[in-house]
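Worth knowing before you read on, the calculation uses all heavy atoms, side chains too, and leaves out hydrogens, waters and symmetry mates.
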Amino acid sequence: MIPHAQSTSTQPDTSRPARDGNARSWFITGASSGIGLALAQAAAGRGDNVVALARRTDSLIPLTEQYGAQVLAVAADVRSPEQLRAAVAAATRAFGRIDVVANNAGYGLFGAVEESTDAQARGIFDTNVFGVLNVLRAVLPVLRAQGSGHILQGSSYYGQTAHPGVGLLAATKYAVEGLTDALAGELAPLGIKVTLVEPGPTATAFLSALDVADTLPDYDPTVRTIQKSFGELPAEAFNAPDRVAAAILNAVDTEQPPLRLATGTTAVNEIRAALRTRLAELDTWEPVSSGVDTPADPSGQA
Ligand SMILES: NC(=O)c1ccc[n+]([C@@H]2O[C@H](COP(=O)([O-])OP(=O)(O)OC[C@H]3O[C@@H](n4cnc5c(N)ncnc54)[C@H](OP(=O)(O)O)[C@@H]3O)[C@@H](O)[C@H]2O)c1
């Protein structure tokens, strides 16, 4: 039988915290800012140990100054398998184990699919998809040897839906979602849990770090209009990263964490609308889809 992902329940199991009072060890990529930093602060703040990864460790100085030996700052670019292997070795040396992996580092690209250059497309896949794979290859030997662990995969509501202007960004997040659906089934029998984190708009450095494609006027009515509407969103449309981190901790602390955790009402509503549209279309076209099936052999022979 094909193993299923860990969560089959439709209700969050928030009643049975898995945390038993022992400090956990976290391994967090993209810990220099935004959601990764908030997660590192929340984990360290409650007494857990954190290996915080960033491309430049000077960006982690405030974290290490605040939490001392609880936080190990490691320089690593997620595009470098060697740096990640060294980070994992440093993590196990410092804390003996890795309990939670936040595969969080990533950035955005805005522009029509045609407008995005090959270099931009490959660049975002290098970090958002191959970076995620590099982290998995580095940490999984440790987690498999332990027979335990929880991997948080950095996705987005753009892992479930997309609109004009976010095609390449969404392509990376859909890729992470697809591989994670398989990964969850592969790791569940080994005692390792997996959760896709799907944030909605969050108040981080994400927009200022955004790569932007050159523009073709034909896409002004779609891509540029949406880009403008994003720029006009009020501050309250963006969730605070510490609240996103609190939601993630909630999921990490449950016996049966979800395979997918959307954060923020925008993410929930956008994903729900996309799923409903997809399901309705599947149902509408089912007669055509199933018309492809090979008719049953009336003689009863295969
Ligand atoms: N903010 C949103 O609205 C939103 C919505 C949905 C999903 N997300 C996802 O949430 C995750 C975190 O983003 P954020 O919103 O917290 O943005 P952020 O504040 O810009 O943080 C992104 C982090 O990723 C790191 N990073 C980028 N490229 C890297 C690389 N090659 N190697 C190592 N680290 C790298 C950055 O480190 P440096 O300091 O080295 O650049 C930074 O720490 C991303 O995966 C993003 O796609 C964000």
Side-chain angles (χ1 to χ4, degrees), residues 1-11 103 106 108-118 120-122 124-126 128-133 136-137 140 151 153-190 192-200 213 216 218-219 221-223 225-226 256-262 266-302:
M1 186 175 144
I2 296 172
H4 289 284
Q6 68 272 4
S7 177
T8 50
S9 162
T10 53
Q11 294 297 316
N103 215 339
L109 166 60
F110 199 89
V113 171
E114 184 189 352
E115 290 170 339
S116 309
T117 65
D118 186 63
Q120 286 176 315
R122 288 177 192 280
I124 195 166
F125 267 82
D126 268 349
N128 290 12
V129 180
F130 290 101
V132 162
L133 281 171
L136 291 174
R137 290 193 192 99
L140 277 175
I151 298 172
Q153 293 278 78
S155 184
S156 165
Y157 65 128
Y158 292 140
Q160 290 283 323
T161 185
H163 55 67
V166 299
L168 269 306
L169 168 59
T172 65
K173 299 300 186 182
Y174 274 60
V176 169
E177 295 249 345
L179 75 87
T180 302
D181 276 335
L183 184 75
E186 292 162 4
L187 297 184
L190 306 178
I192 302 165
K193 299 168 182 173
V194 185
T195 297
L196 281 154
V197 179
E198 298 169 329
L216 295 171
D218 276 352
Y219 296 107
T222 50
V223 173
T225 302
I226 288 174
Q256 286 195 306
L259 178 56
R260 288 179 164 78
L261 176 70
T266 300
V268 170
N269 288 343
E270 296 267 345
I271 292 171
R272 183 187 289 119
L275 292 176
R276 284 192 171 141
T277 302
R278 201 171 295 167
L279 189 58
E281 191 171 72
L282 187 74
D283 289 344
T284 302
W285 282 83
E286 188 176 5
V288 176
S289 302
S290 57
V292 170
D293 296 349
T294 307
D297 182 350
S299 71
Q301 293 179 355

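- By the 6.0 Å contact criterion, CG on D218 is open, its count of non-hydrogen atoms from other residues, nucleotides or ligands being 12 or less.
- Between the CD1 atom in I271 and the CG atom in L275 there is a gap of 7.0 Å [rounded to 0.5 Å].
- When all heavy atoms of T222 and P164 are compared, the closest pair comes out as CB-CB, 4.0 Å.
- With sequence neighbours left out, the side chain to side chain contact (heavy atoms under 4.5 Å, CB included) criterion links F130 to F125, D126, L133.
- Under a 3.5 Å cut-off, the side chain of T195 and the backbone N or O of P258 do form a donor-acceptor pair.
- Between L190 and L140 the shortest side-chain heavy-atom distance does not fall below 4.5 Å.
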Where do Q120 and L168 land on the side chain to side chain contact (heavy atoms under 4.5 Å, CB included) test, with the steps shown first? CA-CA 9 Å; Q120 286 176 315; L168 269 306; over 6 Å; no
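- Applying the ring pair (Phe, Tyr, Trp, His ring centres under 6.0 Å) rule to Y157 yields no partners; only residues at least two apart in sequence or on another chain are considered.
- Side chain of Y174 to main chain of T161: a donor-acceptor pair is present (N/O by atom type, distance under 3.5 Å, no hydrogens or angles).
- Here the CG-CD distance, from L196 to Q153, works out to 6.0 Å after rounding to the nearest 0.5 Å.
- Counting all heavy atoms, side chain and backbone alike, G131 lies closest to N103 at O-OD1, 4.3 Å.
- A search for salt bridge (charged side-chain N to carboxylate O under 4.0 Å, His left out) contacts involving E270 returns nothing, not counting sequence neighbours.
- The heavy-atom pair separating V129 from A175 by the smallest distance is CG2-CB, 3.9 Å.
- Between I226 atom CD1 and F110 atom CZ the span is 6.0 Å, to the nearest 0.5 Å.
- Atom CG of L261 sits about 11.0 Å away from atom OG of S155, to the nearest 0.5 Å.
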Between L169 and I124, does the side chain to side chain contact (heavy atoms under 4.5 Å, CB included) criterion hold? Intermediate values first, please. CA-CA 7 Å; L169 168 59; I124 195 166; 4.2 Å; yes
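- The two residues D283 and P287 come nearest to each other via the heavy atoms O-CD, 3.9 Å.
- Across all non-hydrogen atoms, the minimal contact from A213 to L109 is N-CD1, 4.3 Å.
- S156 and E198 share no side-chain donor-acceptor pair at under 3.5 Å.
- Residue pairs meeting the salt bridge (charged side-chain N to carboxylate O under 4.0 Å, His left out) criterion with at least one partner in residues 166-177, sequence neighbours excluded, are E177-R260.
- Checked against salt bridge (charged side-chain N to carboxylate O under 4.0 Å, His left out), R122 has the following partners two or more places apart in sequence or in another chain: D118.
- Minimum interatomic distance between V176 and T180 (heavy atoms only, all atoms of both residues): O-OG1, 2.5 Å.
- Partners of T225 under the side chain to side chain contact (heavy atoms under 4.5 Å, CB included) rule, at least two apart in sequence or in another chain, do not exist in this structure.
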